[in-house]
Amino acid sequence: MANSPDSDTRTPPHVLWRGLSLLRGRRRLLAGALLTTLVISAGQLAGPKLKQIGIDDGIRAGDARLLGWVVVVALGVHLATVVAGYFQASLLNRIGQDAIHDLRLRLFDHLQAQSLDYYEREQPGQIISRILNDMDAINELLTSTVTALLADVVVLVGTSVILFRYHTGLALAIHFLIPLMFLLGWAFRTRVHATFMRARQTIAAVTARLHESVAGMRVIQGFAREHRSCEEFGQLLQEDRDANMAGATVFATLSPGVELINALGICIVFWYGGLLILRGELAIGVAVAFILYLNHLFDPVRRLSEMFATVQRAVVALERVFEVLDRKPTVTNAPGAVSIPPLRDGVEFRGVCFSYDGAREILRDVSFRAGFGETVALVGPTGAGKSTILKLLARFYDPQAGEILLDGRDLRSVTLESLRRQIGFVPQEPFLFAGSLRDNIRYGRPDAPDAEVERAARLAQAHDFIAALPEGYDTDVHERGVRLSGGQRQLIAFARALLVNPRILILDEATSSVDPFTEKRIQDALRVLLRDRIAFVIAHRLSTVVHADQILVVQDGGIAARGRHEELLYSCSLYRALYERRFQDTAEEEAVVA
Ligand code: ATP
């Protein structure tokens, strides 16, 4: 939210108001819940009054008929309260679940619209925590707090009115205890807020670490860091435990305080009320009603002051959620952006300069042109800026200076959807989603018929190994026992890209070496993949650079040299050094399979 123009939402009343607006569209359900709440509150208020009438006008006045009626009415009131309680619970549940469902979906949708910079900065676990953990507090606010507020106010005011009508002096004596209860609740609120904040942060840290550890398990095991990793996780769990324990301790100190004030109230009624009865100024039934009403007086006061804690907890959660919802993607469609037709001519970078943080320049004055049908290989030392060039081409970021043109059109003037639809992206470590191999291949074209999926797999040299699996294309990639090698995953990614048949292909070749047979397959598949489109490859294979129409040697964010393999071998010492260090290793492997 810090970046958001909507920054006034940071003040709690605004956040709260905005949070309550999540109930919009659920007015009927809410009205039903409030109505049932009123019925329950009325039932609570009627209980002691009925007992007083039963004692004074029934038992003491010797009126058995009235006593009978009072019992019948009391039963009716109980029944109504129970029925209303049932409807209240189910309505509140429905309201809460619906609101959380919608909010989670909005958050997820919004997350998908975020630009790459957001994901390169945020920890995945922290994002997940906002969608999962923060929702409980918001749910509580939207359901129980809203109705409890109404119920407590109704019961508090109703009880006060009834007590004052019974006996002003005795009512006044008891009402003196209300500020005490408020003070107790207030002190409680202040302490509980700090513990809630801590608990929220500790559970987010636990989620983030858990996510990171599961994702990085191979590295943890590879470096035999299990013990240390467990210790670190244990430390976070301990902090979470401590934060929750502190919260529980604060809660535990509340009940004795409440009981003490209650006991004081009962003593006042006994002593002062008893004196009034002795003097004949008060009926016994009224004194009993006073004692029964005490809870109705103190409970709402305590809950109302505690409610600040619930509200604050929800405000903290809402702030975290709205921060995501208010975050504008850094890369969006410009006003008037047009849909670009399929690329025909080529791609051009003109004097492109770029920095991720606005301070350190990563790309300086990058200019090159690539025509349709060409394969452009990017080579250069690590950190030189090769991936960054391709991230700009897919418009994950916008350059600070210069322009990137597709068929002579600035990237910023075309819609992101029409641009990305033309681009096929094959990362170094392809990501496979849960589901069958078939669904993974047709990821970019979910409606592709099976025959086309198979054709793409054949072209990508993936068909043979898929067909050899017991369940073939229906094999679930995340199922136990299914292990795809790095090379096989690459072939699946090739098939996925081929099925979409993108005009522009961006490929980050894997560096990991594979067995000679897979290597041969990858090379054959690559030849098909790179054909009939414009392809940009961060090249790690000799065969790729040798066949490339244009090699861009990237160094320190600039294009140090360009040309074909043989030309560069003679003209560029950096390329020659790279060739000797990197490509010659693969040259030996490639020779084995040639
Ligand atoms: P490699 O061959 O190792 O993948 P590369 O040539 O592709 O390297 P880039 O990934 O483009 O290099 O990175 C270029 C520079 O930009 C590096 O110094 C890197 O630290 C920096 N960089 C990359 N991504 C980010 C980011 N999201 N935020 C800030 N700096 C970044």
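Only heavy atoms go into these numbers, but all of them, side chains included; no hydrogens, no water, no symmetry mates. Both ligands and their constituent atoms are indexed starting at 1 by order of listing. Predicted model, so just to flag it, every value in this text is computed and none were measured.
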Here's a test for you: under side chain to side chain contact (heavy atoms under 4.5 Å, CB included), which of Val379, Leu568, Val537 qualifies with Val545?
Val379

Only heavy atoms of Lys391, strictly under 4.0 Å: list the atoms of ligand 1 that pass.
24 (N)

Tyr118 ring centre to Arg327 NZ or CZ under 6.0 Å, with the angle to the axis within 45°?
no

The test is side chain to side chain contact (heavy atoms under 4.5 Å, CB included); show your working for Ile389 and Lys386 and say whether it passes.
CA-CA 5 Å; Ile389 291 177; Lys386 303 179 290 292; 5.8 Å; no

Would Gly380 count as a contact residue for ligand 1, given that I'm defining contact as a non-hydrogen atom of the residue lying under 4.0 Å from a ligand atom?
no

Identity of the nearest option to atom 11 (O) of ligand 1, non-hydrogen atoms only, from Leu378, Leu363, Thr388
Thr388

If you look only at pairs with a residue in residues 553-574, which of them pass as a side chain to side chain donor-acceptor pair (under 3.5 Å), with sequence neighbours excluded?
His565-Tyr575

With nothing but distance in play, are any N or O atoms of Ile362 less than 3.5 Å from an N or O of ligand 1?
no

Looking only at distances, please establish whether an N/O atom of ligand 1 is found under 3.5 Å from an N/O atom of Gly385.
yes

Partner set under ring-ring contact (aromatic ring centres under 6.0 Å, His included) for Phe368, not counting sequence neighbours:
Phe349

